[in-house]
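Written out below as structure tokens is the structure these notes cover.
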Amino acid sequence: MHTPSPRSWSRAFGDINQAIAQRELWGHLGWQDIKQRYRRSTIGPLWITISMAVTAAALGGLYSQLFGQPIGTFMPYVTVGFMIWYFISACVLEGTETFIANEGLIRFLPAPLMIYVFRTVWRQVLFFAHNLVVYVIVLAIFFPQLTRPYQMVHPNGVVHPGLSWSALLAIPAFLLIVINGLWVTLLFGIIATRFRDIPPVVSSFMQLFFTMTPIIWTTDLLRGGAPGSTKSLVEWLAKLNPFYHFIEIFRAPLVGQVQSWTHWAVCGVITVVGWTLALIALRNYRSRVAYWV
């Protein structure tokens, strides 16, 4: 009987299928990660929610005054932006450490490589679920301002329609972001395991992307800039930022803003390209990760 080569598509997809079948294992490991982090804490994982609430309240209140934004619409905008940014950035940053952090298990536990990828992303989903509580609270406070058409910038700003049933689009948007979190964790995890300088480099770039991504500022401030102006240049750079598109497909429905299907198209292309690269990396290097760690 022919034995598949270590660098075969059958083994690569078999690794993914086996990891999905062992979802109880990585699901349990993800829960244990959170319990371990807050093991001796009085309120435990509620610190995740409190930290998110303090950050959103402080920065939302501060920048609403600096930019002259109405706090009733700007606070939810910042809150949702931070929620999804924390999830995306954690998948990138912790993704680079996925296999390095699981060195002991990889060396001595004969398990599919994708288990550690699922473990990392599942842990971030649990963190995100805790942060979602903050959005519910903010929504309850500012619901009247969000349910009618509004402008983030006055005058001549974009008129956003306000909250409606289109908010349900945030569900498939988050699922798409999770799917991308998986390939990011897998691809960056393999590369960073081979080249240990990658994690600090990625960390530096993520700090740069945070300032370039509309999280605590809005692209509405940039509209109407003359061609070649600073506003026009910054708006153009924002559109080239892949994080901007992923944040928008999730945030826009939840704060009742105008939605562009361009964001979905860009995210779809990134998903296909990203998974193609990740699967190639899994096919070629899955057998070497145990030696690299």
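All figures in this text were calculated on a predicted structure; none of them were measured in a lab.
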Query - CA sep, side-chain torsions, deciding dist, call: Val117, Phe99, side-chain contact (heavy atoms from CB on, under 4.5 Å) - result: CA-CA 8 Å; Val117 174; Phe99 303 126; 3.8 Å; yes
**Report entry** Residue pair Leu169, Gln259: steps toward the side-chain contact (heavy atoms from CB on, under 4.5 Å) verdict
**Finding:** CA-CA 10 Å; Leu169 284 173; Gln259 300 178 58; 3.3 Å; yes
Query raised in the report: Does the pair Ile84 and Phe246 meet the rule for a side-chain contact (heavy atoms from CB on, under 4.5 Å), with working shown?
Result: CA-CA 9 Å; Ile84 198 60; Phe246 282 103; over 6 Å; no
**Report entry** Worked check of side-chain contact (heavy atoms from CB on, under 4.5 Å) between Ile50 and Val54
**Finding:** CA-CA 6 Å; Ile50 294 173; Val54 171; 4.3 Å; yes
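Remark: aromatic rings of His263 and Tyr244 are close, center separation under 6.0 Å.
Residues Trp217 and Tyr63 fail the side-chain proximity criterion, which asks for heavy atoms closer than 4.5 Å. Residues Glu248 and Gln257 have side chains in contact (heavy-atom distance under 4.5 Å, counting atoms from C-beta outward). The closest side-chain heavy-atom distance from Phe142 to Thr73 is not below 4.5 Å. Side-chain contact check for Pro242 versus Val266: every heavy-atom pair is 4.5 Å or farther apart. Residues Phe188 and Leu93 are not in side-chain contact: their nearest non-hydrogen atoms beyond the backbone lie 4.5 Å or more apart. Side-chain contact between Arg251 and Pro214 is present, with at least one heavy-atom pair separated by less than 4.5 Å. In this structure, Val158 and Met152 have side chains that are not in contact, with every pair of non-hydrogen atoms separated by 4.5 Å or more.
Using modelled atom types, one side-chain atom of Thr49 and one backbone atom of His130 make a donor-acceptor pair closer than 3.5 Å.
Enclosure of atom CZ in Arg23 is not indicated, since only 12 or fewer non-hydrogen atoms of other residues, nucleotides or ligands lie within 6.0 angstrom. Within 6.0 Å of the CZ atom in Phe210, the count of heavy atoms belonging to other residues, nucleotides or ligands exceeds 12.
Because its NZ or CZ atom is not both nearer than 6.0 Å to the ring centre of Trp26 and within 45° of the ring axis, Arg119 does not count as a cation-pi partner of that residue. Geometrically, Arg194 does not engage Tyr285 in a cation-pi contact, judged by NZ or CZ lying under 6.0 Å from the ring centre and within 45° of the ring axis.
Cluster membership for Ile100 and Val92, using ILVMFWY side-chain heavy atoms within less than 4.5 angstrom, is not shared. There is no path of hydrophobic side-chain contacts, each under 4.5 Å, that joins Ile171 to Trp122. No single ILVMFWY cluster, assembled from side-chain heavy atoms under 4.5 Å apart, contains both Leu139 and Leu168. Both Ile177 and Val273 belong to a single network of hydrophobic side chains, linked directly or stepwise wherever heavy atoms of I, L, V, M, F, W or Y lie under 4.5 Å apart. A chain of hydrophobic side-chain contacts below 4.5 Å, direct or via other Ile, Leu, Val, Met, Phe, Trp or Tyr residues, connects Ile137 to Val255.
By the 30° and 60° cut-offs, the orientation of the rings of Trp264 relative to Trp261 is tilted. Taking the six-membered ring for Trp and thresholds of 30 and 60 degrees, His160 and Tyr150 have ring planes inclined between 30 and 60 degrees apart.
Of the N and O atoms on the side chains of Thr98 and Thr185, not one donor lies less than 3.5 Å from an acceptor on the other residue.
Under the ring-ring contact (aromatic ring centres under 6.0 Å, His included) test applied with Phe128, the options Tyr86, Trp85, Phe174 reduce to a single match, Phe174.
The minimum heavy-atom distance between Thr271 and Leu176, with the atom names listed, is OG1-CD1, 3.5 Å.
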